[in-house]
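Everything below concerns the one structure shown next.
Just so you know, these numbers use all the heavy atoms, side chains as well, and skip hydrogens, waters and symmetry mates. Sequence lines set the chain letters: A, B, ... in the order given, protein chains first and strands last, and positions in each chain run from 1.
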There are 2 protein chains.
Amino acid sequence: MPQLRIALAQVNSCVGDLEGNAGAVVDWTRKAVQQGAHVVVFPEMHLTGYPVEDLALRESFARASQQALESLAVRLADAGCGDIAAFVGYLDRDSMGPRDSAAVLHQGAVVARQHKHHLPNYGVFDERRYFIAGQSLDVVRVHGLEVGMVICEDIWQAGGPVAALGQAGVDLIVAPNASPYERKKDDQRLPLVARRAQEGGAPLVYVNMVGAQDDLVFDGDSMVVAADGTLLARAPQFVEHLMLIDLDLPGGAARADGEVDGFAVRRVVLSDEPVPAFEPEHSPGVVEPLPDEAEVWSALVTGLRDYVHKNGFSSVVLGLSGGIDSAVTAALAVDALGPDAVYGVSLPSSYSSEHSKSDAAELAERTGCHYEVQPIAGMVDAFVNQLGLTGLAEENVQARCRGVTLMGLSNQFGHLVLATGNKTELAVGYSTIYGDAVGGFAPIKDVPKTLVWNLARWRNAEAEKLGETPPIPEASITKPPSAELRPGQLDTDSLPDYELLDRVLDDYVEGDRGYDDLVRAGFEPELIDKVLRMVDRAEYKRRQYPPGTKISFKAFGRDRRLPITNAWREGKQ
Amino acid sequence: MPQLRIALAQVNSCVGDLEGNAGAVVDWTRKAVQQGAHVVVFPEMHLTGYPVEDLALRESFARASQQALESLAVRLADAGCGDIAAFVGYLDRDSMGPRDSAAVLHQGAVVARQHKHHLPNYGVFDERRYFIAGQSLDVVRVHGLEVGMVICEDIWQAGGPVAALGQAGVDLIVAPNASPYERKKDDQRLPLVARRAQEGGAPLVYVNMVGAQDDLVFDGDSMVVAADGTLLARAPQFVEHLMLIDLDLPGGAARADGEVDGFAVRRVVLSDEPVPAFEPEHSPGVVEPLPDEAEVWSALVTGLRDYVHKNGFSSVVLGLSGGIDSAVTAALAVDALGPDAVYGVSLPSSYSSEHSKSDAAELAERTGCHYEVQPIAGMVDAFVNQLGLTGLAEENVQARCRGVTLMGLSNQFGHLVLATGNKTELAVGYSTIYGDAVGGFAPIKDVPKTLVWNLARWRNAEAEKLGETPPIPEASITKPPSAELRPGQLDTDSLPDYELLDRVLDDYVEGDRGYDDLVRAGFEPELIDKVLRMVDRAEYKRRQYPPGTKISFKAFGRDRRLPITNAWREGKQ
């Protein structure tokens, strides 16, 4: 039976870094060639990074991408990688407009190219704004085997290009992806990939990007599925990885071209000669997806690390309040960047409790991050006394003096400021604009409060298992949460119990359920009314919040995914 | 010849205020009926307001819109307005999804409804994200005359629904719009409307929204164009206005229905009986669009007024530096809200010049706004001394202490903070995040620096003409701009001359021209390289800036219209 050795290059990229991304193609292709691969597949738009957003509309950027692709083909051949068929995602542009495309590079030339057909325009995607959909399918013959390609969303739609490839006849389908992580996404991906392999009548090689770009994180989870839908191999999540697999392919697919099922199918012959029979060496096995908390933790660490590094920073500074949010944020930062790149600052006011100071110090000691104390009483007094501020205005000045202090340290020493707010707070607007919302990145912005606690417990337990010091002080996990902006203040003075609140928010925000639905689901009408009003009114605050890694599909990872309301409120009008 | 009296209701609405928007329909329809109108036309999505953005995706909101529409029909009949055919834009939803729709209300019922066909998905529009396109055309017979309707973007496209209406046969076309203002837009609108009237073979009644919603402002500019493309009437810009016009319509249009040109045409008979012949009374004439500066000034005043009021504020506070930006912002606020609703605060630091303090005081005196002085030296010292800040970190602390002060006054007294940055500063990142970027609204965010000066001169000259006190101190217009964050600092220390800078920015941002293009256009390569790098690197700062009224189509009115770049830079890589 004809054979091929396929390399799945599950790698990271950086939006706009054409030079660096092209370099990665050369490096990983060289490794694939050294191990005897005949085909190597990179993720969607690897050459430009993903998502390029409005950059897609700049002609000069599309031209730069096209030129980088041509140069890359030559560079690969020069590096002794001309024989392999390299599938590389890039930004194309023709007379119709910009295209989300993949090309095949071979013997120093771009020998085939194809545009994405299905352009997602929901959730985090706006691809109809940026791209023109493709109408054609380039199928390349590699060692006598017919290899078709489709891009990301193309496999999330029944029928369409995969079905057309099935009709036209292919021996193998490769699919470059930039499919953002969300919790337990493999539960959706695997059945989809399996269905498409069956629809296309050929094994499907699914290669996903890994790493983070802005608020999106990509988990990899690359896989190979047989024509009957059986999972043959799956790569580990959240790490760059070259997965090699030796496939026996029946071959003998029909070779229709021209118009098939509404698509213009074009056949390109790279090589007719079958690979001489070889002993299979690569059968990488199936790596199981991480358990929930480990998966989320890895996503957050990856999101934080890549945001910091891709934006040219090497260290971060954050306020340590002794509470659970700043403790988890600091632990994530230490896992992402190492303790020496993390600067914790305790910023006590006259209302700060003794335990908030000692818990902050203990966190620093446990994680090994830098630590200093900057009391804010003098700064706060300067504002409060001169302006005669009282009540909420006085509370907010404390948060803002902390923000100005952290930004001052950032400007002086070049650290990126991390905001420590969680999704629950942001949802209901329990934060101070220009205060605790200050920062370049908000690592737990999309993590509900109850999950923050779960992650803390999970991370400590993992450390125990490994015989390491649990990073998070027990007191930070167990004490009742408080903003400590006035004497004896507790979160529960203003907010419902977090368990209940998170359930309502999940239904309202992620589930898009309305007031009537929630009443029917058994929540107290008064509670729903209160929570929904808080969420609707907090929109402006959320818009001003720094970006943060998304772990769920909907709000509040990206600002414009909010339920924008203005005058209209759910519940009693 | 058959006659009709048409009322164009060029009115304001508020996103989400179903109750208030429905009330406006009743009020304006009553006025139209009192003046004998047979047809009244409201703007696109008037009932929900425009743009509803992600609210479109909430089923509960779509249901509320549908219910409000049904109630409105009954309410109109109860108010004695059952005979008139009222065209009202609203949000519909069916099994396919949300629709941008217009309905005809008559005798207490919704008698016809139609969905927008062309969904714009560029610039400020994301309608393919929110709406499903229509496939049908409802034509209503009013007093024996056939009246078709199309919605906004439908008239920006050749062919399509207007051409289909022409083929099917109509005596009149009405077009509800929510077409955002941009400079000199009537120069584009009028020829378009004229072409569509010719294409449809019938007079076209173009009704546009007036007022502002978030960063969009709508100028009205409603008009009626004859079947031969002649402009018959045009309404004034930026004011609510009921324009009545008596039209002689030839009648006798073909009355095809069923499938026409790919559209399902449905005929609905409201009344067969022609209107008894009447003496034309309403020939409203053609109001010329405002001259450029007056048009921009009106747009900015409207944008500011509606943002403040629609968000539930009644007063604003802003820092007065003595410079041109804060002076123009204050003058706009006084024109929008009256002097008693505007609180100016001089916030001198130890680097502030004498003239900056006296120019600020003079501005307050000239405009009659409230005025106080809050020196920031004590606050700045508290940070600088404790944290040991120097250089840029020290400069930024000054801007941030001003921000904290303004927010403190906002929280204490309930004013909305206005940010005073202009488009040129924002483009190149010449601002302090959490400093001068603090605020709920940024009135001149989309106004280039050179236009800020022109507007100041124009506004003062207008005052002179009317024998009023020119609001802006002459010295604020003529002195060289400075941030005054260190001794002797001038904007020109960091930035090119503003005339030159604005030309480069216009080409790069509005014109989407790249580095090579700009070199060919004759700019100095070094200058372009410097400016483009500044623009690309300032992206994060711009994202954190408050919203502001858009007067141009592209960046930087809305955050996601930026050229998002990350690692890639125009010019030398």
Using a 3.5 Å cut-off and no angle test, enumerate the donor-acceptor pairs between side-chain atoms of residues 379-389 of chain B and protein atoms at least two apart in sequence or in another chain.
| from | atom 1 | to | atom 2 | distance (Å) |
| --- | --- | --- | --- | --- |
| B:N385 | ND2 | B:D381 | O | 3.3 |
| B:Q386 | NE2 | A:Q374 | OE1 | 2.9 |
| B:Q386 | NE2 | A:P375 | O | 2.8 |

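- With a 4.5 Å cut-off on side-chain heavy atoms, B:V308 and B:F441 do not count as touching.
- Cation-pi geometry between A:R58 and B:Y508 is met: the NZ or CZ atom falls under 6.0 Å from the ring centre, inside 45° of the normal.
- When heavy atoms are compared at a cutoff of 4.5 Å, B:A437 approaches chain A solely by way of its backbone atoms N, CA, C and O.
- Interface summary for chain A: among B:V397, B:D517, B:T405, B:L409, the most heavy-atom pairs under 4.5 angstrom belong to B:T405.
- Each of B:G391, B:C401, B:G403 has some count of heavy-atom pairs under 4.5 Å with chain A, and the biggest count is that of B:C401.
- Counting heavy-atom pairs under 4.5 Å between each of A:G408, A:G378, A:G435, A:S410 and chain B puts A:G408 at the top.
- In terms of heavy-atom pairs under 4.5 Å with chain A, the best-connected choice from B:L392, B:T390, B:T48, B:I433 is B:T390.
- A:N396 and A:T432 share a donor-acceptor pair across their side chains, judged by distance under 3.5 Å alone.
- For B:Y343, the ring-ring contact (aromatic ring centres under 6.0 Å, His included) test picks out B:H370, B:H415, with sequence neighbours left out.
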